[in-house]
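See structure below.
Lettering follows sequence order; numbering is per chain, from 1.
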2 protein chains.
Amino acid sequence: MNSPAEIPATTRQSERLGELIEERIVTGVYPPGTRLDEQELADTFGVSRTPVREALIQLSSVGLIEIKPRRGATVPEVGADRVCEMFEVMAELEAMCGRLAARRITPGEQLALQEAHRACEAARDANTPDIYYQLNEVFHQRIYEASHNGFLVEQATALHRRLRPYRRLQLRVRNRMATSFNEHQAIVEAIIKGDSDLAAAQLRAHVTVQGERFADLVATLRDFKAGA
Amino acid sequence: MNSPAEIPATTRQSERLGELIEERIVTGVYPPGTRLDEQELADTFGVSRTPVREALIQLSSVGLIEIKPRRGATVPEVGADRVCEMFEVMAELEAMCGRLAARRITPGEQLALQEAHRACEAARDANTPDIYYQLNEVFHQRIYEASHNGFLVEQATALHRRLRPYRRLQLRVRNRMATSFNEHQAIVEAIIKGDSDLAAAQLRAHVTVQGERFADLVATLRDFKAGA
DNA sequence: AATCACCGTTGTGTATACAAGATAGGCAAT
DNA sequence: ATTGCCTATCTTGTATACACAACGGTGATT
């Protein structure tokens, strides 16, 4: 998996470790409730405890793990309700991006946005959800940046990143791709038109739907697990 | 060296160090551009470099300092524009809290909110800005919690905390306290009435004003510094 | 005299060693 | 037999030691 060659060592090791551990958390290698033993991680990655500790501290301050004094680090049990809360906030952040973007977007950014949108269209027509998923990220990123609020861009990007695994679950929901694209269409039009309220509303709805889809999925899984 | 007695040692030292350093950053003891030497900080606080490093990493992941590989940690020059961006996001987060609170607040929370509001009123009548400042924090916290979105509460609280020093600057602006209270009054009414859109708008305006006040203040200082 | 290269110093990044607290297991007493 | 206490061990938290990279200074060469 991770060959030592691909590690440039030009950056801090703890930072790279943080990304690796984060990867393992969001991909489910370290499922919620897992106790992260420092020595164990150090052995796993072939480094000493110091960089591991630094990585854990960083992850904890981002909220990805919890560190209790003298009791170690654990992957928190992110309840489905918590994820829904996060989607709710995400919806509002995106709405804000849209509202600002509609007012502040530059001609160049308009072109970039439309280009990203057309790329999504191509992926939809080709019926390639994985590609669409990637291009969708670009599309949203374009909107973030068009808000011309650097802090907002950072916040939105961070939360988007944290929600990535849960969003990925919805990839193969029936017609999700086509529906998503249509929503994108309305969003782009609102932003280009400069209708900030409409853009905000469209984006809020667009993301809220994702949260609801997630809730549906969880409910389905719960019923399934209950063996109904 | 600080006396060991005042350190409870019940928590991680790096965490306490983080708060101390944060304190010194926001209070201007370490002004923007300052280079934070690890050994120097270690000597200052009478600890070794390890906890200092951990504290710095945590502060960096929160965005309070910047760490460049092999080049140490520095207090970033937080441009006034950046702070304004943060106020802009804060306004939206608070608006979201208000919108949700108007829909979800419980009778008990209504009472708590009104109580906090009346406490602010008392501070205003007593003309005690410091007290008002503290009670104002409680007031806003009550609204956060009434949103019934734990993640949102965390985000709003964190950002509120980061903006604290800049908000504090406005304490003694003329009539700010009275104006603030009047805005609070409208906010409470909107929430109690259950008018989510109105509550959101009121809160957004309430916080946006703070951002604008800050911008004014910065502009004034800049002119003053320019020696006009 | 100016520029480049080499060396020394300074400070970060990592590893290891040490101390303290927490947990778990066993033993004893009721 | 059960419960409470004590101890042993394991893990975290902190300190120290070492390695390496970057910056600055000085000297030699062009």
Test of understanding: with side chain to side chain contact (heavy atoms under 4.5 Å, CB included), list the residues that count as partners of [X], not counting sequence neighbours.
X: B:V138; value: B:A116, B:R142
X: A:I131; value: A:A123, A:T128, A:L135
X: B:H148; value: B:R104, B:T106, B:E109
X: B:A215; value: B:C84

Worksheet entry | Distance-only donor-acceptor check, side chains B:Q39 and B:R49, under 3.5 Å |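 No, no side-chain donor-acceptor contact under 3.5 Å.
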
Worksheet entry | Carboxylate-amine/guanidinium contact B:E115 B:R118, below 4.0 Å |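 Here B:E115 does not pair with B:R118 in a salt bridge, since their nearest N and O are not under 4.0 Å apart.
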
Worksheet item: Any salt bridge between B:R53 and B:E38, counting N to O under 4.0 Å?
Response: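 The answer is yes: the pair qualifies as a salt bridge.
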
Worksheet item: Taking any atom under 4.0 angstrom from a heavy atom of chain B, which nucleotides of DNA chain D are the first and last to qualify, 5' to 3'?
Response: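 Contacts span D:dG13 to D:dC23, reading 5' to 3'.
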
Discussion item. Can you build the contact string for nucleotides 8-13 of chain C? Use B for base contact, S for sugar-phosphate-only contact, and - for no protein heavy atom under 4.0 Å.
Written reply: ---BBB

